[in-house]
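For clarity, every value in this text was computed on a predicted model and none was experimentally measured. A note on names: the letters A, B, ... follow the listed sequences, proteins ahead of strands, and every chain is numbered from 1.
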Amino acid sequence: MEYDFQSIEQQWKKYWSDREIYKVNNDSRKPKFYILDMFPYPSGAGLHVGHPLGYIASDIYARYKRLKGYNVLHPMGYDAFGLPAEQYALETGQHPAVTTKENIARYRQQLDKIGFSYDWSREVRTSDPKYYKWTQWIFMQLFHSWYDRGQQKARPIQELITIFSSEGNQSVPCPEEDQPAFSAAAWNGYAVHEQRTILMKYRLAYLSHAEVWWCEGLGTVLANDEVVNGVSERGGFPVVKKKMNQWFLRITEYADRLLDALNTLDWSDAMKEMQRNWIGKSSGAQLRFTLAGAHAGKGYIEVFTTRPDTIFGVGFMVLAPEHELVQTITTPEQQQAVNQYQAYVQSRSERERMSEVKQITGCFTGAYAVHPFSGAQIPVWISEYVLAGYGTGAIMAVPAGDDRDHAFAKHFDIPIINIFGDRYNGEAAYSDKQGTLSNSDFLDHLEIPVAAETAIKAIEELGIGTRKINYKLRDAGFSRQRYWGEPFPVIYQEGIPYTIDEPGLKIPDELRALPVTLPEVDSYHPGPEGQGPLANINKWVNTPAGPRETNTMPGYAGSSWYFLRYMDPHNDTEFAGRAATDYWQQVDLYVGGTEHAVGHLLYSRMWTKVLYDLGHISFDEPFKKLVNQGMIQGSSRFVYRYKHNRGLFVSQEQRITFLESQGVRTAKQALEDNFDKLHVDISLVDGLALNIEDFKKWKPEFAAAQFVLEPDGQYICAAEVEKMSKSKFNVVNPDDIVAQYGADTFRMYEMFLGPIDVSKPWDTKGIEGVHRFLKKLWRLYVDAESNWLVTRDEPSAEELRCLHKTIKKTGEDIERFAFNTAVSQFMICVNELTALKCHKHEILEPLIILIAPFAPHLAEELWHRSGHEGSVLDAPFPAYEEKYIAEQSKKYPVAINGKTRAELELPTDATHEHVEQAVLTDATVQKWLEGKAPKKVIYVKGRMINIVV
RNA sequence: GCGGAUGUGGUGAAAUUGGCAGACACGCCAGACUUAGGAUCUGGUGCCGCGAGGCUUGGGGGUUCGAGUCCCUCCAUCCGCACCA
């Protein structure tokens, strides 16, 4: 019987689910291993062949670890709240819960075809009230916590209240700088709403009237990481800054810990670097410049600088156009110019601002600041290159040492003070931090790092500023004006927000219970005044105790802790039992794309740290090792339509000849002007050759299409690698591949395609090679008449060598995620065994186990045919023995140090002992040895040597 | 501009520590079997050259007995960030 993957795969899938082979227990004497995929958002389009790449890799690793004797947790679930389902609801009125459920069912169907070893009894869905009950609970913990900078950890807010009432807030600096100090007496005298307003400035989840990204197109606020290039990540709608009352997570308090702990993680450098960039820590000084002349005494300009050493190079000051001081200091003469400039900045969209970074604009305010050391008068400008949201929104500009300041000075003809001697050439700023300073008073002749320290000390002594560390990281917006998300467990009384578990809140008991479930709505349209759809449901909003919060939580809320829920998914009394989290600990291996570098992966890290600080779990990093899989791209095909006759399609190579026949003289240059390039569905194309009859039937408008063909009668299409998407007609559905070749072939081929972390286009043709390999493997065990061929004969040395080499190589390859070369090694092994006509039990049985992670269905079939009970996954992974892998080439060295055997006067059948003798007498070699005896003489594949002295 | 990564046949790629570059597979060529082949099997296939032989890991330089691998430099591509003071 030939390899019948259809019936084999069907049969073993049933066996696995009937016997719950993949069910994982929380108590086991085996060592644990937690391997997790980033759970998908179940979109309406279903899976294409690119999606399972990471899932297959993690599944192979999970199965391998199980063979290695680990208790492996390998779950799957769905990130089920999200915008697309709600947008779809807006268009169709279909409830997001319904679409989401349908999409999940389809995802599950597709995933099941591929044969994953997920423990589906642990499935989580973030939109399930039993799940988001705990998302809401964690939110309440965040609300009830503050960050103690002294102890560097989150603590219960109750402990902060105790501190306030006994000693005020002197010892606990407030993250929000506008909070003045108060004494215990003052605190105790405050009314409830005053106390709660102050506490809000400490809470890790807090309500604040602050600037947020508002996206009109989506009708909601977005977090920083959801805004890309000045437009919304989803939908690409423009965004604007807007002040709104919003919930935030105080992630900035964790900036240092998030940064430092990166060093302990086994993540790619690129990934860590992205997080470092996003956190954006920089250290320097913050200092004040007083104003000169008429403005003296009317406040000061506070700046942040990373280069306090360049203080004597300050040529001018720049404020952000929105800076609050601008109106105060602008002189009457400059008032009109400043107003115009501010209006111009206001008129520019975020997008324009970003795309025209190089453009230099600005306006002089007429005011001057005073240099704190030299007393010099420094002109004060405003410019959009200074951002209101970073540092203090104002800078001291040092044109000799900063490229932007330099360009600005040149553009507006502001004198440049050279403090770098010869290293500044007048053409470009010298921004290296090397060498000594000049023209800098007490900093002269000091090396830059020393000068920076000296300057900071001087600034502190003068009392005009301090050493300061700044971060780019902003607190994360946590409110969305949407329906399809977790409702906040928050009720307002007298304008004060309370979580429903607070004793101070007077509400009926039934309103205290979690989850606060999402109510049914008639319309998914936004509520009044930029509120979410929930605001329209009076009955739900207005409880007897007061109005509810009508925003919902953002998409990242549910995904920030889901890895914990898998450990104990059915727990009704805790987010996860302590015994379960203590047993499973961190995710040992997390597999997913790079697109979550600064969103999900940062928020998850923060939530984990908070839960750790509050004593709920025993680890403070969620993902020990992270592997990023690349994308599988689509290979699109195009036809060329003649612009002057839209029914005529010209084959790729015939275009120039065709244009010439139409009298176009510079035909080569005119290609783009005369042809439209249209995507054509890849199912209508074989390689590059278009199936003309199918093409005519594809769309009615092509029914009467005419063609200019190649001499051999074919229509040749153009090809391009693009993202796989429906609109590009280049989607390959894994269902089709599995139907044609089987899941095992599909799995192995995805791995064979190349290294797991690089992107590559899908090419269906190459799959034949892998399929052929599985058929060859099958034939080692079973002949055409379905006879079991495996014998008990003694294996030969060659056969043993082949097996042990394969055990060693594939084991090592799997450990380092080089699944492509592991597959290659299997192919080599099977080719060799086929050539040797080897059907020996002692060789073939370990091979079944080796191949089980890659081709699980086939492996089970062979395992059972060879007389075993139970799953192959419970067999031990075979060990290799070095003695079978010995290098034969060691016996035949032919050259040393580039010298041939003849030159060394060695006999033609020289062994390595001969060569060793030659080494010891060779003059050149003696020279390197410097009279010492060689410690080790290494022969490499019989050609050259390396001598270790 | 800054940061990270990557450059190897017609294609996807191997080469784990500096040690026979191109494994394995696709594609292509030739052959066998076949009524047929989009089945199966065998052989060939980096480039130049009839050949002996020469050349070859983006370009240039360096270290080394020996470099795809290490160092310097330039170039190209991809990803991320982007007026972050």
Original post:
Once each nucleotide of nucleotides 5-11 of chain B is scored for protein heavy atoms under 4.0 Å, what B/S/- sequence comes out, 5' to 3'?
Top reply: S------
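- The main-chain N or O of A:I251 is found under 3.5 Å from a side-chain atom of A:D475 such that the two form a donor-acceptor pair.
- Take the nearest nucleotide of RNA chain B for A:E273 and for A:Y471: the residue whose nucleotide is more 5' is A:E273.
- Residue A:F412 contributes atom CZ, which lies 14 Å from atom C1' of B:C83 at whole-angstrom precision.
- The side chain of A:Y390 has B:A85 as its nearest neighbour among B:C83, B:U16, B:A85.
- When rounded to the nearest whole Å, the span between CG of A:L753 and C1' of B:A25 equals 11 Å.
- Of the N and O atoms on the side chains of A:Y341 and A:T361, at least one donor lies less than 3.5 Å from an acceptor on the other residue.
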Name the atoms and distances for all side-chain donor-acceptor pairs under 3.5 Å in residues 309-323 of chain A, with sequence neighbours left out.
residue, atom, partner, partner atom, Å
A:D309, OD1, A:R307, NE, 3.3
A:D309, OD2, A:R307, NE, 3.2
A:D309, OD2, A:R307, NH2, 3.1
A:T310, OG1, A:R307, O, 2.8
A:H323, ND1, A:L325, N, 3.1

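- The separation of B:U11 from B:G44, taken at their P atoms, amounts to 22 Å, rounded to a whole angstrom.
- Here, B:U42 and B:G7 have their C1' atoms 37 Å apart, quoted to the whole Å.
- Counting to the nearest Å, the P atom of B:C83 and the CD atom of A:E384 are 10 Å from each other.
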**OP:** Starting at the 5' end of nucleotides 69-81 of chain B, put B wherever the base has a protein heavy atom under 4.0 Å, S where only the sugar-phosphate does, and a dash everywhere else.
**Re:** -----------S-
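- Among the atoms of the strands shown, base atoms are found under 4.0 Å from some heavy atom of A:V386.
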Detail all sub-3.5 Å separations between protein N/O atoms and N/O atoms belonging to nucleotides 36-40 of chain B.
residue, atom, partner, partner atom, Å
B:U40, OP1, A:K775, NZ, 3.3

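- Other residues, nucleotides and ligands place no more than 12 heavy atoms under 6.0 Å from the CD atom of A:E324.
- A:N691 is linked by a side-chain hydrogen bond (donor to acceptor under 3.5 Å, both in side chains) to A:D694, counting only residues two or more places apart in sequence or in another chain.
- A distance of about 16 Å separates the C1' atoms of B:U69 and B:G58, rounded to the whole Å.
- To the nearest 0.5 Å, the span separating NE2 on A:H371 from CD1 on A:I378 amounts to 5.5 Å.
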**OP:** State the dot-bracket string of RNA chain B. Criteria: Watson-Crick or G-U wobble, both atom distances under 3.5 angstrom; notation: ( ) intrastrand, [ ] crossing earlier pairs, | interstrand, . unpaired.
**Re:** (((((((..(((......[....)))((((((.......))))))(((....)))..(((((..]....))))))))))))....
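- In this structure A:Y385 satisfies the side-chain hydrogen bond (donor to acceptor under 3.5 Å, both in side chains) test together with A:D405, sequence neighbours excluded.
- Look at B:G9: its glycosidic torsion is within 90° of 0, and that puts it in the syn range.
- More than 12 heavy atoms of other residues, nucleotides or ligands lie within 6.0 Å of CD in A:E595, so this atom counts as buried by the packing criterion.
- Side-chain contact, A:T392 with A:E302: no donor N or O sits under 3.5 Å from an acceptor N or O.
- When the nucleotides B:C41, B:G4, B:A13 are ranked by their closest atom to the side chain of A:K776, B:C41 comes out on top.
- Ranked by how close their nearest RNA chain B nucleotide is to the 5' end, A:T306 and A:E812 are led by A:E812.
- Atoms CG (A:D402) and P (B:C2) sit 13 Å apart, rounded to a whole Å.
- Residues satisfying the ring pair (Phe, Tyr, Trp, His ring centres under 6.0 Å) criterion with A:Y471, sequence neighbours excluded, are absent altogether.
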Using nucleotides 21-24 of chain B, report all nitrogen or oxygen pairs with the protein that are shorter than 3.5 Å.
residue, atom, partner, partner atom, Å
B:A23, N1, A:S824, OG, 3.4

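- Every side-chain hydrogen bond (donor to acceptor under 3.5 Å, both in side chains) that A:K776 has, sequence neighbours left out, goes to A:N831.
- Atom CG of A:D757 and atom C1' of B:A13 are 13 Å apart (whole Å).
- Here the two rings, on A:F817 and A:Y61, have centers that are under 6.0 Å apart.
- Within the nucleic acid shown, A:P761 has no heavy atom closer than 4.0 Å to any nucleic acid atom.
- Atom CZ of A:F773 and atom P of B:C26 are 13 Å apart (whole Å).
- By the 30° and 60° cut-offs, the orientation of the rings of A:Y749 relative to A:F752 is tilted.
- One P atom belongs to B:G10, the other to B:U6, and the distance between them is 23 Å to the nearest Å.
- Taking the six-membered ring for Trp and the full ring otherwise, A:F746 and A:Y741 have centroids separated by 6.0 Å or more.
- Straight-line distance between the P atoms of B:U16 and B:G68: roughly 13 Å, to the nearest whole Å.
- Applying the side chain to side chain contact (heavy atoms under 4.5 Å, CB included) test to A:Q342 and every residue at least two apart in sequence or in another chain returns A:V326, A:Q327, A:V338, A:N339, A:I382.
- A:S282 comes within contact range of the sugar-phosphate backbone alone, with a heavy-atom separation under 4.0 Å but no base atom that close.
- Rounded to whole Å, atom P of B:A13 lies 17 Å from atom CZ of A:F819.
- When the side-chain hydrogen bond (donor to acceptor under 3.5 Å, both in side chains) test is applied to A:T764, the partners found at least two apart in sequence or on another chain are A:W762.
- In this structure, A:Y424 has its ring center under 6.0 Å from that of A:H406.
- Atom CG of A:D403 is separated from atom C1' of B:A82 by 14 Å (rounded to the nearest Å).
- Distance check on atom P: B:G22 versus B:U45 gives 12 Å, rounded to whole Å.
- Going from the C1' atom of B:A67 to that of B:G3 covers 28 Å, rounded to whole Å.
- In this structure, a donor-acceptor pair under 3.5 Å is absent between the side chains of A:T594 and A:N628.
- When the P atom is used for both B:G61 and B:A13, the distance is 29 Å, rounded to whole Å.
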